[in-house]
Amino acid sequence: MRTVTVVGASLAGLHAARALRSQGFEGHLRIVGAEHHLPYDRPPLTKGYLTGAVTAEHLALTDAQDEAELQPEWLLGARATALDLGERSVVLADGRRLRSDGVVLATGAAAVPLRGTQFLGVHTLRTLEDAASLRAELREGQARVVVVGAGFIGAEVASSCASLGHRVTVVEAGAHPLASQLGEEIGALCAGLHADHGVTLVSGVGVAELHGKDGAGSSAGQRVSWVELTDGRQLPADIVVVGIGARPATAWLLDSGLPLSDGVVCDAGGVTEVPQVVAVGDVARSAGRREEHWTHAMAQPAVAVRNLLAGTTVAGYETPPYFWSDQYGARIQFAGRRHAGDTVRLVEGSPSDRSFAAVYEHEGVRTAAVAMNRPRPFAHLRRELGRPAGTVPA
Amino acid sequence: MIPVCRIEDLPLGGSVRLDLDPPITVFHADGGLYAVDDTCTHQDASLSDGWLEGCLIECPLHAASFDLRTGEPQCLPARRPLRTHRVSVDDGTVWLTPAEEPAREKGDAA
Ligand SMILES: Cc1cc2nc3c(=O)[nH]c(=O)nc-3n(C[C@H](O)[C@H](O)[C@H](O)COP(=O)(O)OP(=O)(O)OC[C@H]3O[C@@H](n4cnc5c(N)ncnc54)[C@H](O)[C@@H]3O)c2cc1C
Ligand code: FES
């Protein structure tokens with residue numbers, strides 16, 4: 001391979017580039033990114049960056065060593081609009097066609113907006129610009145903040161806003177916040193953190209409509225004023241943050257012929273139908289699953305790149321999923337693949353102290369582990385998950 | 001020199017975290033006692049909560065691993081070494097001599 005183009009200049013794209021070089025690729029390495037920034041770290045955007053503990057400079061993922069080792073051609077502020085598989089070219093918005101022997105798809109995911117949210121003061125949170133504009137508004141004085149969605153992004157934003165002294169309400173359409181990720185019991189425990197910190201959680205109710213100062217409608221330039229819930233309740237709001245999930249950024253691949261299904265369809269090794277095209281990070285649907293976690297986006301590209309350079313799948317990414325979330329001073333960690341209906345068994349600590357480690361079990365077999373403020377036993381449990389089933393001590 | 005603990009209170013596999021600025025942790029690993037900065041050079045995690053194996057300490061947050069003898073990171077996401085500090089034992093007491101070099105500013109490019 002003489003030329004590899006990485007599309008998407010974030011965590012997974014950068015780690016694909018690093019893996020290409022560390023695995024001996026000596027050809028031309030291009031990294032195309034729609035954002036104008038060099039790769040930066042997203043997790044602090046909801047946490048330290050919003051509260052002011054971390055500045056934008058601290059988010060950089062690359063350093064001088066990368067420039068020297070990767071020797072990349074950065075094409076930043078450049079959006080890919082198509083992938084021409086016949087010609088094996090990545091087509092950019094300005095018409096440039098980048099012929100490539102190998103292509104790494106690393107376009108990640110984009111935040112799902114709320115319908116008709118033209119109002120000023122309504123935010124989603126995925127990029128540095130998103131976070132910067134929210135942060136600027138949060139600095140203008142005490143505000144009534146309504147967070148839509150009590151998932152991890154919503155919960156972390158609510159926590160950061162509360163710590164800055166704002167009055168925060170979180171609205172969650174589902175009856176059990178975080179249930180799909182953590183199960184009902186543990187999800188409810190984590191959702192309990194909101195009340196501990198003076199944040200109101202309204203669950204089981206959706207958002208019907210947003211209203212501006214001059215009434216409903218989506219008149220651009222008008223500021224949001226209140227949120228109407230499906231049960232008729234009205235929540236006054238100076239700022240609305242929408243955290244209702246992310247969708248894989250695959251629109252540009254629609255005409256490529258590559259199979260897409262909530263992500264780029266690929267095998268366990270990140271390889272698509274075309275062996276010269278691999279998918280990494282949040283955009284990849286590997287062996288039927290798509291992960292939206294930092295550690296996966298950092299570690300999985302090395303496997304995909306190995307397969308790309310081999311020209312066929314020689315390895316799969318087998319590491320169980322892992323993620324963490326920092327909210328209200330608590331660190332939540334989860335690893336593994338739980339199933340609906342798994343039983344939860346406390347291993348250490350106490351939920352009421354907001355400090356515990358627990359495991360999920362399915363027919364006596366451990367499927368996943370979770371902890372709040374218990375990193376040590378969690379590390380132990382996480383390692384045991386990596387072992388083949390049956391060797392896990394009960 | 002700062003007294004850490006009695007040697008019998010630091011068994012193999014154990015660690016003692018000292019709340020200095022920045023915090024330092026003394027580990028009893030295979031091959032002896034080692035002291036390093038407690039905060040991972042990647043982001044915000046306490047290595048005293050990490051996983052100790054041989055002379056390597058693995059960060060509890062994103063699993064970067066450091067060699068306790070040199071402070072050098074063994075894998076991503078950490079790229080910068082930990083400061084190492086001198087440990088000695090005198091008459092059953094463990095002592096720490098913090099390094100003179102200043103701690104690097106936290107949170108630089110990772
Ligand atoms: C606010 C926030 C907080 C998070 N916190 C945590 C956490 O605490 N713990 C955890 O485990 N995970 C967390 N995550 C998840 C983690 O950050 C993601 O899994 C990770 O960023 C995925 O990396 P990626 O490179 O696959 O995709 P992304 O980071 O989404 O990057 C994709 C890049 O591709 C670019 N792109 C898209 N389309 C095109 C195109 N057509 N042409 C060119 N470029 C394009 C995008 O602009 C973007 O820069 C968080 C995510 C967010 C947004
Ligand atoms: S904080 Fe230690 S590896 Fe990230």
Side-chain angles (χ1 to χ4, degrees), chain A residues 11 14-15 17-19 22 38-44 47-49 53-67 69 293-299 301-302 319-320 322-326 329 331-333 335 355 357 371 373-384 386, chain B residues 9-17 19 21-23 25-29 36-66 68 71-82 103-110:
Chain A
L11 184 62
L14 171 65
H15 280 272
R18 286 177 174 168
S22 68
L38 284 167
Y40 59 88
D41 208 21
R42 295 189 202 280
K47 311 175 183 82
Y49 179 78
V54 169
T55 61
E57 299 81 72
H58 287 144
L59 304 178
L61 288 171
T62 56
D63 57 17
Q65 194 187 333
D66 278 308
E67 287 302 325
E69 289 174 4
H293 306 312
W294 190 93
T295 302
H296 171 262
M298 183 193 74
T319 314
Y322 162 72
F323 63 82
W324 81 97
S325 172
D326 291 334
R331 175 160 288 165
I332 299 161
Q333 293 176 286
S355 175
N373 289 326
R374 286 271 169 160
R376 264 199 213 218
F378 180 81
H380 187 78
L381 296 169
R382 183 181 169 191
R383 280 181 169 251
E384 288 182 342
Chain B
D9 295 330
L10 186 48
L12 185 64
S15 65
V16 174
R17 181 181 183 275
D19 206 358
D21 182 24
T25 293
V26 182
F27 292 93
H28 188 172
V36 294
D37 280 353
D38 180 63
T39 308
C40 181
T41 61
H42 175 231
Q43 276 167 6
D44 192 16
S46 165
L47 294 173
S48 66
D49 290 328
W51 183 268
L52 185 60
E53 202 161 280
C55 276
L56 300 180
I57 183 74
E58 185 187 281
C59 174
L61 190 52
H62 310 126
S65 152
F66 297 90
L68 290 174
E72 288 297 328
Q74 306 299 297
C75 63
L76 290 169
R79 309 257 278 173
R80 290 173 292 115
L82 295 163
R104 290 226 227 162
E105 221 207 297
K106 245 184 60 188
D108 298 340

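Here is the naming used below: chain letters follow the sequence lines, and residue numbers restart at 1 for every chain. All values derive from a computational prediction rather than experimental measurement.
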Need one label for [X]: side chain, backbone, both or neither, based on atoms under 4.5 Å from any heavy atom in chain B.
X: Tyr40(A); result: neither
X: Asp326(A); result: neither
X: Arg331(A); result: side chain
X: His380(A); result: both

> Do NZ/NE/NH1/NH2 and the carboxylate oxygens of Arg383(A) and Glu53(B) come within less than 4.0 Å?
Replying inline: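 Salt bridge flag = yes for Glu53(B) with Arg383(A).
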>> Salt bridge or not between Arg79(B) and Asp66(A)? Use side-chain N to carboxylate O under 4.0 Å.
In response: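 Judged by the 4.0 Å cut-off on N to carboxylate O distance, Arg79(B) and Asp66(A) do form a salt bridge.
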To check you understand the geometry: which heavy-atom pair defines the closest contact between [X] and [Y], and what is its length?
X: Trp324(A); Y: Leu61(B); result: CG-CD1, 3.6 Å
X: Leu76(B); Y: Arg18(A); result: CD2-NH1, 3.8 Å
X: Tyr322(A); Y: Pro60(B); result: OH-O, 3.9 Å
X: Asp49(B); Y: Arg376(A); result: O-CG, 3.4 Å

